[in-house]
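Source: prediction; values computed, not measured. Note that ligands are numbered from 1 as they come in the structure, with each ligand's atoms numbered from 1 the same way.
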Amino acid sequence: MAYASVVLDIPTRALDGAFDYAAPEALAPDAVVGATVLAPLGGREVVGYVVAVSEEPPASVAPEKVKPLAQVLAAPAFDEKSAEVAAWMAREYACPLADAVRPFLAPGQKVKVVRDAPGDPWRLVSDSVGAVDERWAGLTPAAADWRPRRNAPRQRAVLEALAAGPQRVAELSATIPGAASAVAALAKRGVVAVESRRQVRGSGGQTSLSSAAAPRPAQLTAGQQAALAAIDAAREAANGDVVLVDGVTGSGKTEVYLDAIERSLASGRGALVLVPEISLTAQTVGRFRSRFGDAVAVLHSRLSAGERFDQWDLVRQGVARVVVGARSALFAPLSDPGLIIIDEEHEASYKQDKNPRYHARDVAARMARARGCALVLGSATPSLEALARCREGSWRGAAWTRVSMPERPGASRLPEVRVVDMAEQFRGGGRSVFSAPLSDALRDCASRGEKAVLMLNRRGFANFLMCRECGCVPECPSCSCALTYHERGHYLACHTCGRTWPVRAYPDPSCSCPNCGSRYMGAYGIGTQRVEDELRMLLPEGVEVIRMDADTTRAKGAHQRLLEEFDAAASAVLVGTQMIAKGLDFPEVTLVGVINADTMLKLPDFRAAERTYGLLEQVAGRAGRGESPGQVIVQTYWASHPAMRAVEGHDRALFLEAELAERKEACYPPYSRLGNVVLWGKSDAACRMASKALADAVRASVGEKPGWEVLGPTDCVKARVKDNFRRHVMVKSPVDADLGGVLGAAVSSLGALKGINMSVDIDAYDMM
Ligand code: ADP
Ligand code: ZN
Ligand code: ZN
């Protein structure tokens, strides 16, 4: 008799863990690790996932008491190693085992079963039934001397993407809105050929599409060679070793990934590549396609559910050996990866914000250990965690190595950065959102017929009071972090210790600044709309102003359309929120302005400075990508802040030194781990009681252990959301502590709490 250990997918923590079932002879061949099954539980049948199989009956129950599985619902989605990683995730992130297993399942698979008639077998409900578009598009020889009209930006985008090699039409549509009709128009003109590759799963079918592979650089830079050598060594060590490719934007990191993957494939192993969702463009996909053709599967949230399933299935069948995708592609069923690559490793979007609240970088490190492959992290502004581990040389049993690529291959130069002190501007009589230097630079840029990008940081203000004259934001005397301003009740609060101060007068202009006595104190905020209006007054007619923010990009494809407008304009200014900082690559942009660089610095978040620095470096990198040199103007009330000085001097050390000293002093990551447990519910009293009980349970469990600290409970910064009261408990632990295990146990010890919801966030990024 065979036995299966099954994780039941039911929404209760009480039945967490794996349960043993017998696999009757008829089911045994299919009831393998990774299979989805139907298992009896107290008179009903529930969906579950097999995480282990055995020939031995379980020790805990008498063999005749072991219930048999009812049915096998789906073929295996993961193997033993993935099951091992899922079990680790459940403990590491203090989440139910079923939550940790779910990311490994086929895209679109639901936890629901249906059947046509009583007595029929059950079927899993799935989203992924849509028709799959197998059409591929590629350039014909006629494309070489054909140019699209100027007002056909989509055709141009499609041609540029296909210049790297043929792509699936579905993929193009996912990254370029309206691509399908552009492809049709181009096909009519004979410059693009479309063919069906239904047989993509078999032996590499013949194709008539010309594959104009992207040119390989004749010679790798010294940095690229060093990075490749380190990656090879890590892959051959088969120990889960990590290589951090620390290279400025445009230093050739992607080229390193491509070569490293080629070597992995040559050794008979595959590769997983994660890029931030926003970087998953036709150009990126095109570069991988042109090098590896049909061996690439792309997992993209903008593909249809059917497409996504199909790509995932190609990986499972072993046809696709290179997987390119966003965060969740980490869980693709690639059997033997030699490499896992995470591009833009510092991106906060690699942290999942719902259960399981994992960080892709850390899960990838665990996965690389389990599979004996290398982990490659790439960034121009690596996370402090990654840098710290490289300085240590090892983390969790694997070696961490940093390779620096400080230069771009050609003659491209970094832009000149100027920091403008806005308090000084204000004292000099400046009341505009633009400082004198920025106004001048904008007018010059327009008169030269060039383009500018203006970034307005939308995160952070409104929640704070700020003095317009000196930039002072009231701080907590005992925690030295910015006080948040609570409009309801007009009080200031410290999110860390919970103290509050009444500010009857705020934001009435009669109140004054605690620092300089100025009366210009208020909940500070400018909108993109206001910037747009002031710009139109400043600039001559004929200069287009394009606004890109949450309002103007709500419609599907709006983001791309605005970028196309900006691209097609003769002279234009693009005004936008943080969303414009990344991925924008227009050689005509010679000026980048940051309206308010410091609003994020005041967020009650210990990573605020790191995020500010990373964002400023990113946005500065948008200037001067072409022939003409670029200029960057950063407006701030905090010109002396190390993040500003570092960006101005292109010197990361200036920032790191100051930031690491502060983190060490306050015992924040990377010198500790930080967990955040948020509790919310309709009743304030119940929420207070539960959060107190939780804090007590954690305090009882960690006692006086060195390196542990329990903060709170306090109200969350967002103290009320959708009629729920929100409180939280923050826990700091030593870097090598089992934080998930401790918090998971504390949560379980509380039992079920009526009317209270709870989220446990280990290595939290969002503390609000
Ligand atoms: P990153 O990923 O670091 O931003 P890319 O790999 O995209 O950098 O490279 C930037 C540009 O430089 C690309 O156009 C790429 O083709 C080119 N490039 C990369 N490596 C080299 C090299 N060794 N010699 C010349 N050009 C290179
Ligand atoms: Zn405080
Ligand atoms: Zn002041």
Side-chain angles (χ1 to χ4, degrees), residues 157 159-165 175 211-232 243-264 271-292 296 322 324-326 339-347 350 376-383 386 402-415 580-589 592 614-615 617-627 630 650 652:
L159 290 174
E160 273 169 19
L162 295 182
T175 45
S211 221
R216 234 176 239 265
Q219 167 97 49
L220 293 180
T221 65
Q224 287 173 319
Q225 290 177 29
L228 275 172
I231 295 168
D232 277 345
V243 177
L244 172 63
V245 182
D246 180 2
V248 297
T249 46
S251 58
K253 295 185 290 295
T254 309
E255 210 57 48
V256 169
Y257 307 153
L258 291 169
D259 280 9
I261 293 168
E262 202 158 59
R263 295 180 188 192
S264 181
L272 273 173
V273 186
L274 304 191
V275 298
E277 183 75 41
I278 193 150
S279 316
L280 210 47
T281 61
Q283 279 74 11
T284 314
V285 173
R287 281 177 84 177
F288 285 90
R289 278 261 180 251
S290 79
R291 195 65 84 82
F292 307 113
V296 179
V322 179
V324 180
L339 291 175
I340 303 174
I341 296 170
I342 303 186
D343 190 31
E344 310 288 1
E345 147 307 303
H346 61 280
E347 277 278 319
Y350 284 124
V376 178
L377 306 174
S379 176
T381 52
S383 64
R402 185 178 76 100
V403 181
S404 164
M405 305 206 309
E407 274 149 28
R408 293 182 173 176
S412 177
R413 277 171 299 145
L414 292 167
I580 64 168
K582 282 159 199 155
L584 223 74
D585 189 3
F586 296 106
E588 325 82 272
V589 172
V592 166
L615 183 64
E617 274 290 317
Q618 279 285 351
V619 74
R622 302 305 116 204
R625 291 170 88 86
E627 310 270 285
H650 293 297
R652 190 202 296 162

Find out whether Glu407 and Thr221 are in side-chain contact, i.e. whether some heavy atom of one side chain is under 4.5 Å from a heavy atom of the other.
-> no
From Pro217, Ala222, Ala380 - option closest to atom 22 (C) of ligand 1 by heavy atom | Pro217
Start with the C-alpha distance between Glu262 and Asp259, add both sets of side-chain angles, then the distance that settles side chain to side chain contact (heavy atoms under 4.5 Å, CB included), and finish with yes or no.
-> CA-CA 5 Å; Glu262 202 158 59; Asp259 280 9; 4.2 Å; yes
Carefully, step by step, assess Glu345 and Lys253 under the rule salt bridge (Lys or Arg N to Asp or Glu O under 4.0 Å).
-> CA-CA 12 Å; Glu345 147 307 303; Lys253 295 185 290 295; over 6 Å; no
For ligand 1, indicate whether the residue Met405 contacts it via side chain, backbone, both or neither (heavy-atom separation under 4.0 Å).
-> neither
Salt bridge (Lys or Arg N to Asp or Glu O under 4.0 Å) partners for Glu617, two or more places apart = none
Counting from 1, what ligand 1 atoms have a heavy atom of Thr254 closer than 4.0 Å?
-> 2 (O), 6 (O), 7 (O)
Give the single entry among Gly247, Gly252, Pro409 that approaches atom 5 (P) of ligand 1 most closely by any heavy atom.
-> Gly252
Under-4.0 Å heavy-atom contact with ligand 1, by part of Arg287 that carries it = side chain
Atoms in ligand 1 with a heavy atom of Gln219 nearer than 4.0 Å = 22 (C), 23 (N), 24 (N)
Verdict with reasoning, Thr381 to Arg652, per side chain to side chain contact (heavy atoms under 4.5 Å, CB included) = CA-CA 9 Å; Thr381 52; Arg652 190 202 296 162; 5.6 Å; no
Any heavy atom of Ser251 under 4.0 Å from ligand 1? The part involved is both
Set of side chain to side chain donor-acceptor pair (under 3.5 Å) partners for Asp343, sequence neighbours left out = Tyr257
